[in-house]
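Okay, structure first, notes after.
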Number of protein chains: 2
Amino acid sequence: MADRKKNSTYSRNEKCIIECDLTYVVSKIEGRWKLQILSMLEDKKLRFSELKKEFSFTTERMLTLQLRALEQDGLVKRTVYAEVPPRVEYELTEMALELGPIFKQLSDWGSKHRSLTKKELV
Amino acid sequence: MADRKKNSTYSRNEKCIIECDLTYVVSKIEGRWKLQILSMLEDKKLRFSELKKEFSFTTERMLTLQLRALEQDGLVKRTVYAEVPPRVEYELTEMALELGPIFKQLSDWGSKHRSLTKKELV
DNA sequence: TAGGATACTATCAAATATGTAAGTCATGGC
DNA sequence: GCCATGACTTACATATTTGATAGTATCCTA
């Protein structure tokens, strides 16, 4: 997610992300809280303070980092209103909305197969 | 992936994985080289040494770790033949095969939208 | 009896991700 | 002037992941 020192196998991973569309997509959604953020924004736009309230279990820093990453990747649109105190709204982009149905399938797959191997019910 | 110290927000993440099927699924496929491994095994079973050759850019250790994780999660089946020298074969499970079509959609989404925001072509 | 093959496992170090706490900045209201 | 607000930043500390390197076990063959 951040800049990488050019260690050979680390950069080989970057190469995979560039070469493979699937790896690319997964790399874009695998950050901490990203799926939760996407799901929170699925049907409404929210301002930063509202997201902050929802994600009170993590820090502003993390929230900002993940929102920035999502924005960079074109999944989230950030709108700044020139007011004081500032107001910033976040919403999903078109392309992010297109992921919805696919996420649904993944989720279904998860719920289907998870019940079979219930080893994580510790 | 490993045992977690019970820091409150780290464990909150575990909680998300337990509560949300989508987060669960993503957590199962987001390890380094996992998608590559799954794709390598998509149409054939391979022994450890063959995988090792394909993944010569990483270490045996990483390969073993990821294979173990995939096995734990029921995505890969490991078969040991009691021979000397040992022979171990890896193949996808039924449930892993079911992910194929979904991965295809994710991949298509990636290839479609990636060409639009071409900022990673550095 | 000293390799060789195969599939690991163990240790330690480096890199990356995440968390905590405190600070910034602009302005409107008191 | 002083404080509050909202949306961040910054600096430093931990946690987790990945890497580099070496070692283990078994039995067969030379």
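Since the structure is predicted, the reported quantities are computational estimates derived from the model, not experimental observations. Below, chains carry the letters A, B, ... as their sequence lines are ordered, and counting in each starts from 1.
- A cation-pi geometry, defined here as NZ or CZ lying under 6.0 Å from the six-membered ring centre and within 45° of its normal, does not hold between A/R47 and A/Y90.
- Taking atom CD of residue A/Q66 and atom P of nucleotide C/dG19, one finds them 9 Å apart after rounding to whole Å.
- Side-chain contact between B/K15 and A/F57 is absent, with no heavy-atom pair separated by less than 4.5 Å.
- Taking atom CZ of B/F55 as the reference point, atom C1' of D/dT18 lies 15 Å away to the nearest angstrom.
- Rounded to a whole Å, the CG atom of B/L65 is 11 Å from the P atom of C/dA10.
- Rounded to whole Å, the distance from CG on A/L63 to P on C/dT20 is 14 Å.
- Using a 4.5 Å heavy-atom cutoff, the side chains of A/R12 and B/T58 are not in contact.
- In this entry the distance linking CD of A/E83 with P of C/dT27 reads 13 Å, nearest Å.
- Listed for the A/T93 side chain is a donor-acceptor partner under 3.5 Å among the backbone atoms of A/G74.
- The terminal axes of the helix from C/dT1-D/dA30 to C/dC30-D/dG1, fitted over 5 pairs per end, subtend an angle of 30° to the nearest 10°.
- A/L99 has its side chain within reach of B/L106: a pair of non-hydrogen atoms, C-beta onward, lies under 4.5 Å apart.
- A 4.5 Å side-chain heavy-atom check between A/F55 and A/E60 finds every atom pair outside the cut-off.
- Computed from coordinates, the A/N13 CG to D/dG19 C1' distance equals 13 Å when rounded to whole Å.
- For B/M62 and D/dT21, the CE to C1' distance is 14 Å, given to the nearest whole Å.
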Find every protein N or O atom lying less than 3.5 Å from an N or O atom of nucleotides 3-8 of chain C, and list the pairs.
unit_1, atom_1, unit_2, atom_2, d
C/dT6, O3', B/R47, NH2, 3.2
C/dT6, O3', B/P86, O, 2.8
C/dA7, OP1, B/R47, NE, 3.1
C/dA7, OP1, B/R47, NH2, 3.0
C/dA7, OP1, B/V88, N, 3.3
C/dA7, OP2, B/S49, N, 2.8
C/dA7, OP2, B/S49, OG, 3.0
C/dC8, OP1, B/R68, NH2, 3.2
C/dC8, OP1, B/R78, NE, 3.4
C/dC8, OP1, B/R78, NH2, 2.5
C/dC8, OP2, B/Y90, OH, 2.7
C/dC8, N4, B/E60, OE1, 2.9
C/dC8, N4, B/E60, OE2, 3.1

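- Separating the CZ atom of A/R61 from the C1' atom of D/dA11 is a distance of 10 Å, rounded to the nearest angstrom.
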